[in-house]
Amino acid sequence: MFDLIVRNASLTDGQTGVDIACKDGRIAAVEASITAEAKEVIEAEGYLVTPPFVDPHFHMDATLSLGTPRMNVSGTLLEGIALWGELKPVQTVDDIIERALRYCDLAVAKGIGAIRSHVDTCDDELKGVQALLEVREKVKDYLDLQLVAFPQDGVLRDPAALANTIRALDMGVDVVGGIPHFERTMADGAESVRQLCKIAADRGLMVDMHCDESDDPHSRHIETLAYETQRLGLQGRVAGSHLTSMHSMDNYYVSKLIPLIAEAGVHAIPNPLINIMLQGRHDTYPKRRGQTRVRELRDAGIAVGFGSDCVMDPWYSLGKADMLDVAFMGLHVGQLSSRDDMSWCFDAVTENSARIMGLQGYGVAKGKDANFVLLQAQDKIDAIRLRAHRIAVIRAGQVVSRSTQVVHEITKPGEAARVLNETQIVDGMKN
């Protein structure tokens, strides 16, 4: 007797007609026509089963705070940072917990199984750290929450930031973060990378830096990050987030930079929704897109995972915890339009991001954790095209979110009503 069997599923590797059996929180079998019984059976009807979506870059301490204490009028990154500085003193630990838990419920309903959230350490009370450590404990049974100690105002620029960041790590925050391009000078930015990477190396932690989130082609802290990664033996444990200045850099310099990043084993985390919204704000026309050189990074063998960054906060007034929206935007901005490219964009919000976060037991295969999502889609490209509906979300072999399929009843004059499923718009459409 299994705990759960999902019957007649399609998988992201192209397999169809597959059954998935779960027992004691693990996937016990992935094969055709499993005859055993189960406590619960889900008929997939040929739809896609995928590993959970993974968001490798988010700010949960700010999420759902839109309009408090005011709106970002200019829509710029710098006004967003200033607005966040106004919000921090007036919000409470309970405020942050309440908003974060609401967001986690939304994320789970959208099939997200893991989130890496940066949490501001430029606050002597460390309210965000206190709050998200509590949230991490509350959600651990249905969502993996990885926290990054993030000195938002600059670890050298803010006089208390370094000590507070170390305090946050002592309290149990998982990853060392930074923001070198927000330090007072380029030299200070490079020094902040050196100091923070040394802290990570000494503690055996991963690193995730907001790096070169600007339109300035001379903001080149990713080069320092790659160097320090190699010097300190941090290969495979470091990510550079945003990297938007690379969009504006000289091609010759980039032809040197990308191989250095690959050689150092540094990962890349673009944030398509926010990068396309915040960058190029000082341009007239033509306007720069801002998103980093995704295709070139990927083709160099660098692990690239798309993050969502923000939902309804000082920097971004939209969003709904939908990683397929993120993949959809990344595809368009990066002009990743071949079939292989589009399929890869799905991987950028699943497998690639799981690798960057170091998730264990991830994937739909025998012996892996029984965490997966049933999408109302035929394959990965279909899922992005439709931003596919989540029929069921499974965690440890238990359904944690479910909904009915989305159908449309079409009634035309002189014709009988038809119920149409938008996943099949050509011959063979279900009626």
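None of these values were measured; they are calculated from a predicted model. Quick note: residue numbers are just sequence positions, from 1.
Asp158 pairs by the side chain to side chain donor-acceptor pair (under 3.5 Å) definition with nothing, not counting sequence neighbours. For Tyr227, there are no ring-ring contact (aromatic ring centres under 6.0 Å, His included) partners at least two apart in sequence or on another chain. Applying the side-chain contact (heavy atoms from CB on, under 4.5 Å) test to Leu331 and every residue at least two apart in sequence or in another chain returns Met342, Cys345, Ile384. Listed by chain and residue number, Val6, Cys22, Glu40, Ile42, Phe372, Ile394 satisfy the side-chain contact (heavy atoms from CB on, under 4.5 Å) test with Leu4 (two or more places apart in sequence, or in another chain). The side-chain contact (heavy atoms from CB on, under 4.5 Å) test applied to Asp24 returns Asp3, not counting sequence neighbours. With sequence neighbours left out, the side-chain contact (heavy atoms from CB on, under 4.5 Å) criterion links Glu137 to Lys140.
Between the side chain of Thr63 and the main chain of Val311, a donor-acceptor pair closer than 3.5 Å is present. With hydrogens and angles ignored, the 3.5 Å screen pairs no side-chain donor or acceptor of His267 with any backbone N or O of Ala239. At distances below 3.5 Å, not a single donor-acceptor pair connects side-chain atoms of Thr229 with backbone N or O atoms of Leu234. For the pair Asn371 (side chain) and Ala396 (backbone), a donor-acceptor distance under 3.5 Å is present. For Thr224 (side chain) and Ala190 (main-chain N/O), no donor-acceptor pair under 3.5 Å exists by modelled atom type. Judged by distance alone, with hydrogens and angles left aside, the side-chain atoms of Ser353 form a donor-acceptor pair with the main-chain N or O of Ala348 at under 3.5 Å. A donor-acceptor contact shorter than 3.5 Å links the side chain of Asp95 to the backbone of Thr92. Side chain of Asp123 to backbone of Lys127: a donor-acceptor contact under 3.5 angstrom is found. Judged by distance alone, the side chain of His210 and the main-chain N or O of Pro180 form no donor-acceptor pair under 3.5 Å. For Arg390 (side chain) and Ala388 (main-chain N/O), a donor-acceptor pair under 3.5 Å exists by modelled atom type.
Pairs of residues two or more places apart, or lying in two chains, that qualify as side chain to side chain donor-acceptor pair (under 3.5 Å) and include a residue from residues 296-308 are Asp55-Ser308, Arg298-Asp341. Within the structure, side chain to side chain donor-acceptor pair (under 3.5 Å) contacts touching residues 108-120 (residues at least two apart or in different chains) are His57-His118, Trp84-Asp120, Lys88-Asp120, Arg116-Gln146, Arg116-Asp208. Sorted by first then second residue, the salt bridge (charged side-chain N to carboxylate O under 4.0 Å, His left out) pairs that include residues 308-319, not counting sequence neighbours, number zero. Identified under the ring-ring contact (aromatic ring centres under 6.0 Å, His included) test for residues 318-350, with sequence neighbours left out: Phe53-Phe346, Phe306-Trp344, Phe328-His332. The side chain to side chain donor-acceptor pair (under 3.5 Å) analysis of residues 271-281, with sequence neighbours excluded, yields the pairs Asp215-Gln279, His242-Asn271, His242-Asn275.
The CG atom of Leu324 sits 6.5 Å away from the CG atom of Leu375 when rounded to the nearest 0.5 Å. In this structure, the separation between CZ on Arg220 and CG on Asp212 is 9.5 Å, given to the nearest 0.5 Å. From Asp325, atom CG reaches atom CG of Leu318 across 10.0 Å, with rounding to the nearest 0.5 Å. The line from CZ of Phe58 to CD1 of Ile115 is 6.5 Å long, rounded to the nearest 0.5 Å. With rounding to the nearest 0.5 Å, the separation of CD in Glu228 from CD in Glu223 is 11.5 Å. Taken from CD1 in Ile391 to OG1 in Thr404, the straight-line distance is 9.0 Å, to the nearest 0.5 Å.
The two residues Gly334 and Gln291 make their nearest non-hydrogen contact at N-NE2, 3.6 Å. Residues Trp315 and Ile81 come closest through the heavy atom pair NE1-N, 3.3 Å. Annotation for Gly319 and Met312: closest pair O-CG, 4.4 Å, computed over non-hydrogen atoms. Residue Leu132 comes nearest to Ala100 through the heavy atom pair CD2-CB, 3.9 Å, listed as atom of the first residue, atom of the second, then distance. Minimum interatomic distance between Gln152 and Phe182 (heavy atoms only, all atoms of both residues): O-CD2, 3.6 Å. Nearest heavy-atom pair, Gln376 versus Asn421, reported as atom, atom and distance to 0.1 Å: NE2-OD1, 3.2 Å.
Around atom NZ of Lys138, no more than 12 heavy atoms belonging to other residues, nucleotides or ligands sit under 6.0 Å away.
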- Evaluate salt bridge (charged side-chain N to carboxylate O under 4.0 Å, His left out) for Arg385 paired with Asp382, printing each intermediate quantity in order. CA-CA 5 Å; Arg385 179 178 67 86; Asp382 206 32; 2.7 Å; yes

Side-chain donor-acceptor distances from residues 357-370 under 3.5 Å, at least two apart:
from   : atom 1 : to     : atom 2 : distance (Å)
Gln360 : NE2    : Gly358 : O      : 3.2
Tyr362 : OH     : Pro52  : O      : 2.6
Asp369 : OD1    : Arg26  : NH1    : 3.2

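With Val119 as the partner, the side-chain contact (heavy atoms from CB on, under 4.5 Å) test is satisfied by one option alone out of Leu126, Ile96, Val129: Val129.
Judged purely by distance below 3.5 Å, without hydrogens or angles, the side chains of Thr121 and Thr165 pair a donor atom with an acceptor atom.
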